[in-house]
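Hydrogens, waters and symmetry mates are skipped; everything else that's a heavy atom, side chains included, is used.
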Amino acid sequence: MSLENEIKIRYEHFLNFVPKVMEFLAETQEESDLGIAYKGEIDLVTKADKGSEERIISEIERMFPADSILGEEGTDKKGTSTFKWIVDPLDGTVNYSHRLPLYCLCIGLENQETKEVAMGIVPFPGTGEVYHARKGFGAFKNKKQIHVSKTKDLKQSLLCTGFPYDREKKIDRLMFYYRNFLLKTRGVRRTGSAGVDLCWTAEGRFDAFWEEGLKPWDVAAPSVILNEAGGKLSTYDGNIFTPYIPNLVASNGILHEKMLDGMSEYIHDLT
């Protein structure tokens, strides 16, 4: 079987499977006790994060046992196939714990031979929407194809960003970027979920996005969706995007150089 067919099988299977996980997350959010624990002072994990990852990993191991898996909540399995699943079982945990509907889960599949993310599925349980894409076949929200915006001028754009958990160490740079782009655009929003931000940039609701301190599971799946919607991704200094580099600029493509110009004003000291 060709690699393309193997990717297609995994893609179609998980499009059919994710409604079960969406239902679990939506129902669990209504419970009085979310089982909140702390990975850091403000970095939360709930029983929903763990339950979602258990369900996704169990399905991968049942259907595709030779595949590798990397999950936010501790899964790190080395398989024998060329495929590696990169999973964030609940992106936007702080929102989730405050009963906000702005959260998603991110399921990406990397071809380890080419180092490319071949597909991404990003369901939004709070709205019932599923964003998804397979490399070379376009990006979709449910069954409708989506595209990035056509905005050409920063002054007419709406941007989004996020802040890392270790923000106190980087506050000067974070506020520099925020102020810089706030003055150059219609506004800057923060949803609290990189998966949401990237999917909404892919759909044209936002024109560009930047964030640092990201992990592979935050960006692998939605990066495919943005690319397939006609967008562009890079590091802050304009190098090639990879989920394993923790800073990211994403845009409709037209605005990308202008975004990088704004980043370059404080490009030093990305530690």
Side-chain angles (χ1 to χ4, degrees), residues 13-62 69-75 85-108 120-133 140-144 146 160-165 167 189-203 205-206 209 211 213-223 225-226:
H13 180 81
F14 266 83
L15 280 178
N16 290 324
F17 174 74
V18 291
K20 296 178 182 178
V21 187
M22 294 171 71
E23 182 180 11
F24 163 75
L25 288 171
E27 290 179 351
T28 302
Q29 194 181 30
E30 299 301 316
E31 296 180 5
S32 58
D33 181 10
L34 295 177
I36 296 172
Y38 290 85
K39 296 189 283 188
E41 187 175 2
I42 56 174
D43 188 1
L44 308 181
V45 63
T46 70
K47 65 182 181 182
D49 295 77
K50 295 176 181 178
S52 176
E53 182 156 319
E54 288 170 1
R55 284 163 172 77
I56 295 167
I57 301 311
S58 176
E59 188 66 9
I60 294 171
E61 291 182 331
R62 185 179 75 86
I69 311 170
L70 176 65
E72 180 180 11
E73 302 310 325
T75 304
W85 297 85
I86 305 175
V87 177
D88 189 338
L90 203 174
D91 184 30
T93 300
V94 173
N95 287 350
Y96 187 87
S97 68
H98 285 266
R99 318 290 177 174
L100 297 174
L102 279 174
Y103 66 94
C104 62
L105 53 142
C106 302
I107 303 173
I121 300 174
V122 182
F124 287 36
T127 63
E129 299 163 333
V130 180
Y131 292 80
H132 56 100
F140 298 84
K141 180 174 76 173
N142 296 335
K143 295 183 179 181
K144 180 181 178 182
I146 59 173
C160 56
T161 191
F163 302 126
Y165 288 118
R167 63 195 67 166
R189 302 290 183 261
R190 180 175 186 252
T191 71
S193 164
V196 170
D197 291 336
L198 284 164
C199 286
W200 281 0
T201 303
E203 192 179 7
R205 292 182 172 184
F206 296 133
F209 162 72
E211 190 172 348
L214 296 164
K215 302 294 185 182
W217 45 77
D218 296 320
V219 295
S223 71
I225 296 167
L226 182 71

Please round to the nearest 0.5 Å and tell me the distance separating atom CG of Leu15 and atom NZ of Lys143. 11.0 Å
Are Lys141 and Glu129 ion-paired here, with the side-chain N under 4.0 Å from a carboxylate O? yes
Nearest 0.5 Å, please: how far is CZ in Arg205 from SG in Cys160? 12.0 Å
Any sub-3.5 Å donor-acceptor pair from Asn95's side-chain atoms to Thr191's backbone N or O? yes
Taking Glu53 first and then Lys50, would you say they form a salt bridge - that is, a charged N and a carboxylate O separated by under 4.0 Å? no
Taking it one step at a time, do Val122 and Val130 satisfy side-chain contact (heavy atoms from CB on, under 4.5 Å)? CA-CA 6 Å; Val122 182; Val130 180; over 6 Å; no
Is it the case that the side chain of Thr75 and the backbone of Glu72 share a donor-acceptor pair, with hydrogens and angles ignored and the cut-off at 3.5 Å? no
What is the distance from atom CD1 of Ile86 to atom CG of Leu70, rounded to the nearest 0.5 Å? 6.0 Å
Quick one: closest heavy-atom pair of Val219 and Leu214, and the distance? CG1-CD1, 3.8 Å
What heavy-atom pair brings Thr46 and Leu34 nearest, and what distance separates the two atoms? CB-O, 3.3 Å
Quick check against the 3.5 Å criterion: does Asn16 have a side-chain atom that pairs as donor or acceptor with the backbone of His13? no
Verify side-chain contact (heavy atoms from CB on, under 4.5 Å) between Glu59 and Ile56, making sure each step is shown before the conclusion. CA-CA 5 Å; Glu59 188 66 9; Ile56 295 167; 6.0 Å; no
Where do Ala194 and Phe209 come nearest, in terms of heavy atoms and distance? CB-CZ, 4.2 Å
When you measure from the side chain of Asp88 to the backbone of Leu90, do you find a donor-acceptor pair of N or O atoms at a distance under 3.5 Å? yes
Who passes side-chain hydrogen bond (donor to acceptor under 3.5 Å, both in side chains) against Asp91, sequence neighbours left out? Ser193
First locate atom OG of Ser52, then atom OH of Tyr103, and finally report the distance between them rounded to the nearest 0.5 Å. 9.5 Å
Between Gly195 and Cys106, what is the shortest heavy-atom contact and its length? CA-SG, 4.2 Å
Evaluation steps, side-chain contact (heavy atoms from CB on, under 4.5 Å), between Ile107 and Val18: CA-CA 9 Å; Ile107 303 173; Val18 291; 3.7 Å; yes
Shortest non-hydrogen separation from Tyr96 to Leu25 and the atoms involved: OH-O, 2.6 Å
Check the pair Tyr131, Phe124 against ring-ring contact (aromatic ring centres under 6.0 Å, His included), reporting the backbone distance first and the verdict last. CA-CA 8 Å; Tyr131 292 80; Phe124 287 36; 4.8 Å; yes
If you count every heavy atom of other residues, nucleotides or ligands that lies below 6.0 Å from Lys47 atom NZ, does the total exceed 12? yes
Looking at Phe24, I'd like to know if the NZ or CZ of Arg55 sits under 6.0 Å from its six-membered ring centre while staying within 45 degrees of the ring's axis. yes
In terms of relative ring orientation, are Phe14 and Phe17 parallel, tilted or perpendicular, with 30° and 60° separating the classes? perpendicular
Under 3.5 Å, side chain of His132 to main-chain N/O of Ile225, donor-acceptor pair present? no
Looking only at non-hydrogen atoms, find the nearest pair between Glu73 and Pro89 and report the distance. CG-CG, 3.9 Å
Are any side-chain N or O atoms of Arg99 and backbone N or O atoms of Gln29, one a donor and one an acceptor, separated by less than 3.5 Å? yes
